[in-house]
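Values in this document were obtained by computation on a predicted structure and should not be read as measured data. Heads up: numbering here begins at 1 and tracks the sequence. Read the numbers this way: they start at 1 and go in the same order the structure lists the ligands and their atoms.
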Amino acid sequence: MAKIEMKTALVDMNGDEMTRVLWSQIRRELIEPFVALKTEDFDLGMEARDASDDEVTREAARRTLELGVAVKCATITPNADRVREFGLKKMWPSPNATIRAMLDGTVFRAPILMRGIEPLIPRWTRPITIARHAYGDVYKAVEARAAAGSRAELVIVAEDGSEIRQEIHSFAGSGGIAQAMHNTDASIDAFAHSCFRYALETGQDLWFATKDTISKTYDHHFKDRFAEIYENEYAGRFADAGIEYFYTLIDDAVARIVRSSGGMIWACKNYDGDVMSDMVATVYGSLSMMSSVLVSPRGAWEYEAAHGTVTRHYRRWQAGEDVSTNPIASIFAWSGALRKRGELDSLPALVGFADALEAAVRETVESGEMTGDLAAVTSLPGARTLSSTAFIAAIKERLARRFA
Ligand code: NAP
Ligand code: MG
């Protein structure tokens, strides 16, 4: 069988622990037998990041901006325990945060739906994609305790030294707390562009919501930036594509989302996205079925699984156990990256392979062969729990049949 050819390479970022084990199996068993794979490989495993003073992460992000497409394995974000475990030179930052900052991107998370894995809200028959703004607000806030009798003020000093000064609160009777947060036009605009473009690319409606009735300057500014960018640059293309941009208040959005059948992209401010993405992931079943793509307004796409390195399973795997970790989100990271590469390079065969790979995964699960996390929740009768290795082999068999 002739392998499917690629034109441009994609960036392959390897990672850690159980997902690193799955990563090489996916590449070897599900991709390389079918595709003449062209990749530029970066090892973002904990040891390699430490050895390179994290330069390997930044280099991978730079190459992603140049080549346009990357696929990333889950990686350890070191904490104090990890510094000890690996004897790290320092507590390196989260690779995802480093890459996101360099790509100036927005993360879109969507559940992978399969027959037999029913969402807790039955009417959610189509995926809800959450786009979380990943800069500022409460995540970059300054805050302080205020003693009784103190006064908190918000002061903005202009370049020429002039001031805008507003009282936040006078803590006359009892003390309390105060907080100041910010965002930037550049970041809000990049977020808006990523969302409008991704809606066009995927043919889905875009919803956005804030609390602009209460936050008349801060949240209202988000609403205004989105509205202006939409009117100036996207309204015509949305009409042509038959999709809609819909703005509403955040509490109204939450109520409407629960009543909906899904199928939209829901753009969320940073905190809303943090909270709502966990809610949406839980309703759809499992973090192991959540795909994730970082979209850069500079024209780069980085695909990954939303879950981490599944340390608990890795410890059992290290002890020789044949574990049943779900590789689906990692496989869909590969199919997503290959499809995007195929689209950018006008290679329909590569796009077709990505579709076939996803179909083979779906067929395997829907025929009752799945990993333990899915077997525990499936509505299919007689489901069988396979190890990760056996599950990947079952997918490969079906994929090979499609290409025979
Ligand atoms: P995790 O790796 O997502 O795993 C948490 C738990 O969720 C697992 O113990 C497992 O539950 C379940 N789970 C997650 N993915 C699964 C899968 N594919 N198949 C089956 N079950 C799955 O989160 P964590 O244990 O909190 O974090 C581990 C490491 O990952 C940390 O070092 C963290 O820094 C890193 N992390 C990386 C990323 C990223 O690179 N994007 C994201 C999050 C976390 P059971 O044990 O109950 O089976
Ligand atoms: Mg969260």
Residue, atom and distance of the protein heavy atom nearest atom 11 (O) of ligand 1 read H313 NE2, 4.2 Å

Any heavy atom of E304 under 4.0 Å from ligand 1? The part involved is side chain

Paired with K211, the salt bridge (charged side-chain N to carboxylate O under 4.0 Å, His left out) test is passed by just one of D251, D252, D219, namely D251

Only residue of L44, T19, D43, V56 satisfying side chain to side chain contact (heavy atoms under 4.5 Å, CB included) with N14 is D43

Q. Can you tell me if M18 has a non-hydrogen atom under 4.0 Å from ligand 1?
A. no

_Short N or O distance, S288 and ligand 1, threshold 3.5 Å exclusive_ = no

Output for pair (Y284 OH, I121 CD1), nearest 0.5 Å, gives 8.0 Å

Of all protein heavy atoms, the one nearest atom 44 (C) of ligand 1 is G308 CA, 3.4 Å

Q. For E304, does its backbone N or O pair with a side-chain atom of K72 as donor and acceptor, under 3.5 Å?
A. no

In this structure, atom 14 (C) of ligand 1 is nearest to the protein heavy atom H307 CB, 3.9 Å

inquiry  = Closer than 4.0 Å and a protein heavy atom, does any atom meet both conditions relative to atom 36 (N) of ligand 1?
reply    = yes

Looking only at protein heavy atoms, what sits closest to atom 28 (C) of ligand 1 is T311 OG1, 3.2 Å

For atom 47 (O) of ligand 1, the closest protein heavy atom turns out to be R312 NH2, 3.4 Å

query = Under a 4.0 Å N-O cut-off, is there an ion pair linking E233 with R197?
reply = no

min-distance protein heavy atom vs atom 33 (C) of ligand 1 -> T77 N, 4.1 Å

Under 4.0 Å from one or more heavy atoms of A74, ligand 1 contributes atoms 40 (O)

_Distance alone, cut at 3.5 Å: any donor-acceptor contact between the side chains of R27 and T39?_
yes

Exercise. Could any protein non-hydrogen atom be found less than 4.0 Å from atom 24 (P) of ligand 1?
Worked result: no

The protein heavy atom nearest to atom 29 (C) of ligand 1 is T309 OG1, 3.1 Å

Atom 19 (N) of ligand 1 has as its nearest protein heavy atom N326 N, 2.9 Å

Note to self: Check this for me - ligand 1, T75, N or O atoms closer than 3.5 angstrom, yes or no?
What the structure shows: yes

Review point. Are D189 and H193 close enough that a side-chain donor and a side-chain acceptor fall under 3.5 Å?
Key: no

Ligand 1 to K72, heavy atom cutoff 4.0 Å, flagged ligand atoms 40 (O)

Separation between CH2 (W334) and CG (L37), nearest 0.5 Å, reads 5.0 Å

Handout entry: pair T106-H133: side-chain heavy atoms closer than 4.5 Å
Key = no

Looking only at heavy atoms, the pair that brings A80 and M91 closest together is N-CE, 3.6 Å

Quick one: is the NZ or CZ of K340 closer than 6.0 Å to the six-membered ring centre of Y303, and within 45° of its axis? no

Note: heavy atom closest to atom 22 (C) of ligand 1, options V310, D16, I76, D81, belongs to V310

TODO: For atom 6 (C) of ligand 1, decide whether some protein heavy-atom distance is shorter than 4.0 Å.
DONE: no

Aromatic ring pairing Y230/Y245, orientation class (parallel under 30°, perpendicular over 60°, tilted between)
tilted

Contact region, I328 to ligand 1, non-hydrogen atoms below 4.0 Å, reads neither

- [ ] Considering only protein heavy atoms, determine whether one is less than 4.0 Å from atom 40 (O) of ligand 1.
- [x] yes

